[in-house]
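These figures come from a predicted structure and were not determined experimentally.
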Amino acid sequence: VIDVALTPADLRPSDVAVVIDVLRATSTATQALAAGYHSVLFADSFERARGLRAPGRILAGERRCVKPTGFDQGNSPLEAIERRGDELVLATTNGAPAIIAATRHAPTVLLACLLNLGAVVEALSDWAHRPHFDLQIVCSGTDRVPALEDVYLAGRLSALLGGERGDTARIAEAVGRAYARPFDALTDSADAGVLRTAGMTDDIAYCARESTLDVVPRVRSASSGVSVVARGDAEAP
Ligand code: MLT
């Protein structure tokens with residue numbers, strides 16, 4: 001069955017969790033791995049991220065969309081196009097905690113965004129038609145409230161995978177059908193408004209690009225407030 005956690009509060013045990021934070025944490029992580037970073041270390045706090053500082057590591061993150069003091073860059077996929085080190089340490093308000101929480105509920109955790117939608121569908125499609133298939137799509141939301149852009153992508157992903165689905169997946173699919181283009185869904189969201197106010201309009205258009213990156217980020221390890229994510233494109237869930 002496929003169902004959708006509209007926020008991380010709805011996480012349940014599943015075989016595979018696919019975590020979404022379209023604006024912008026999963027988009028930034030996907031872009032960073034596509035740029036050649038070996039891994040992205042999601043940290044549950046700025047303090048944790050600062051403690052991870054080491055040669056070859058770039059600190060990235062945001063508070064209210066803006067780069068925290070002392071960090072190397074913000075949580076922008078545009079800033080992750082150019083690789084500046086071996087590992088990106090990423091501390092964000094909603095996406096990072098959602099990914100870390102998902103590792104407590106599912107043995108396999110993948111990250112999705114519009115940029116890698118096709119690659120995620122490809123990675124899951126064989127498996128999605130097997131009996132006892134159990135997938136939860138997890139929307140990071142914003143401050144414990146569902147975020148339109150995450151529910152939109154959850155619905156697009158659910159519809160593309162097919163198979164048995166629960167009502168939360170049907171709700172998300174209805175949102176997915178409601179917009180002609182990804183860009184329309186993203187620009188309609190409250191999170192896009194925050195980015196516009198912060199002067200980051202270009203990030204919205206970038207995160208709305210669909211299936212441009214052949215990268216499936218996958219959690220490799222999780223411990224004490226840090227989840228390490230690397231490419232898992234060629235692996236079955
Ligand atoms: C988050 O994790 O809360 C988001 O990715 C916020 C942002 O757009 O930077």
Check whether any side-chain N or O of [X] sits under 3.5 Å from a backbone N or O of [Y] as a donor-acceptor pair, and report yes or no.
{"X": "Q73", "Y": "A60", "answer": "no"}
{"X": "N116", "Y": "V216", "answer": "no"}
{"X": "R220", "Y": "R231", "answer": "yes"}
{"X": "E62", "Y": "P68", "answer": "no"}
{"X": "T142", "Y": "V145", "answer": "no"}
{"X": "S189", "Y": "L186", "answer": "yes"}
{"X": "R83", "Y": "G85", "answer": "yes"}
{"X": "R24", "Y": "C207", "answer": "no"}

Pairing of [X] and [Y] as salt bridge, 4.0 angstrom limit:
{"X": "D134", "Y": "R12", "answer": "yes"}
{"X": "R165", "Y": "E173", "answer": "yes"}
{"X": "R53", "Y": "D72", "answer": "yes"}
{"X": "E210", "Y": "R156", "answer": "yes"}

Hey, mind stepping through L153 and L117 against side-chain contact (heavy atoms from CB on, under 4.5 Å) and telling me if it holds? CA-CA 8 Å; L153 178 60; L117 176 58; 3.9 Å; yes
What is the distance from atom [atom1] of [X] to atom [atom2] of [Y], rounded to the nearest 0.5 Å?
{"X": "Q31", "Y": "E82", "atom1": "CD", "atom2": "CD", "answer": "11.5 Å"}
{"X": "T28", "Y": "L23", "atom1": "OG1", "atom2": "CG", "answer": "9.5 Å"}
{"X": "L195", "Y": "T187", "atom1": "CG", "atom2": "OG1", "answer": "12.0 Å"}
{"X": "D3", "Y": "S14", "atom1": "CG", "atom2": "OG", "answer": "8.0 Å"}
{"X": "I58", "Y": "D86", "atom1": "CD1", "atom2": "CG", "answer": "9.0 Å"}
{"X": "L41", "Y": "R57", "atom1": "CG", "atom2": "CZ", "answer": "5.0 Å"}

Hey, any chance [X] and [Y] share a hydrophobic cluster, counting ILVMFWY side chains that come within less than 4.5 Å of each other, even indirectly?
{"X": "F46", "Y": "L59", "result": "yes"}
{"X": "L90", "Y": "V219", "result": "yes"}
{"X": "V138", "Y": "L135", "result": "no"}
{"X": "V120", "Y": "V229", "result": "no"}
{"X": "L161", "Y": "I20", "result": "yes"}

Where do [X] and [Y] come nearest, in terms of heavy atoms and distance?
{"X": "S39", "Y": "L33", "result": "CA-CD2, 3.8 Å"}
{"X": "Y37", "Y": "A80", "result": "CE1-O, 4.4 Å"}
{"X": "P146", "Y": "V151", "result": "CB-CG2, 4.4 Å"}
{"X": "E149", "Y": "D191", "result": "OE2-OD2, 2.6 Å"}
{"X": "I100", "Y": "S227", "result": "CG1-OG, 3.5 Å"}
{"X": "L115", "Y": "S27", "result": "CD1-O, 3.8 Å"}

[X] side chain near [Y] side chain, heavy-atom distance below 4.5 Å:
{"X": "F42", "Y": "L111", "value": "yes"}
{"X": "M200", "Y": "L78", "value": "no"}
{"X": "R64", "Y": "V194", "value": "no"}
{"X": "T7", "Y": "C139", "value": "no"}
{"X": "V19", "Y": "L110", "value": "no"}
{"X": "R218", "Y": "D233", "value": "no"}
{"X": "V22", "Y": "Y152", "value": "no"}

Before you tell me yes or no, could you show the steps for D15 and F133 under side-chain contact (heavy atoms from CB on, under 4.5 Å), namely the whole-Å CA-CA distance, both residues' side-chain angles and the distance that decides it to 0.1 Å? CA-CA 8 Å; D15 293 337; F133 161 74; over 6 Å; no
Within the supplied structure, the quantity of interest is the number of heavy atoms (other residues, nucleotides, ligands) at a distance under 6.0 Å from E122 CD; does it exceed 12?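 Not more than 12 within 6.0 Å, no.
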Take atom CZ of R170 as the centre, draw a 6.0 Å sphere, and report whether it contains more than 12 heavy atoms from other residues, nucleotides or ligands.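 Yes, because the 6.0 Å sphere around CZ of R170 holds more than 12 heavy atoms from other groups.
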Kindly indicate, with the supporting measurements, whether the criterion side-chain contact (heavy atoms from CB on, under 4.5 Å) is fulfilled by R209 and F183. CA-CA 8 Å; R209 292 159 52 123; F183 183 73; over 6 Å; no
Looking only at the side chains, is there a donor atom on one of [X] and [Y] sitting less than 3.5 Å from an acceptor on the other?
{"X": "D150", "Y": "S140", "value": "no"}
{"X": "T26", "Y": "D21", "value": "no"}
{"X": "Y179", "Y": "D188", "value": "yes"}
{"X": "N75", "Y": "T92", "value": "no"}

For V121 and L124: C-alpha separation, side-chain torsions, deciding distance, then whether side-chain contact (heavy atoms from CB on, under 4.5 Å) applies. CA-CA 5 Å; V121 170; L124 292 172; over 6 Å; no
Partner residues of S125 under the side chain to side chain contact (heavy atoms under 4.5 Å, CB included) criterion, sequence neighbours left out: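 Listed in chain order: nothing, the list is empty.
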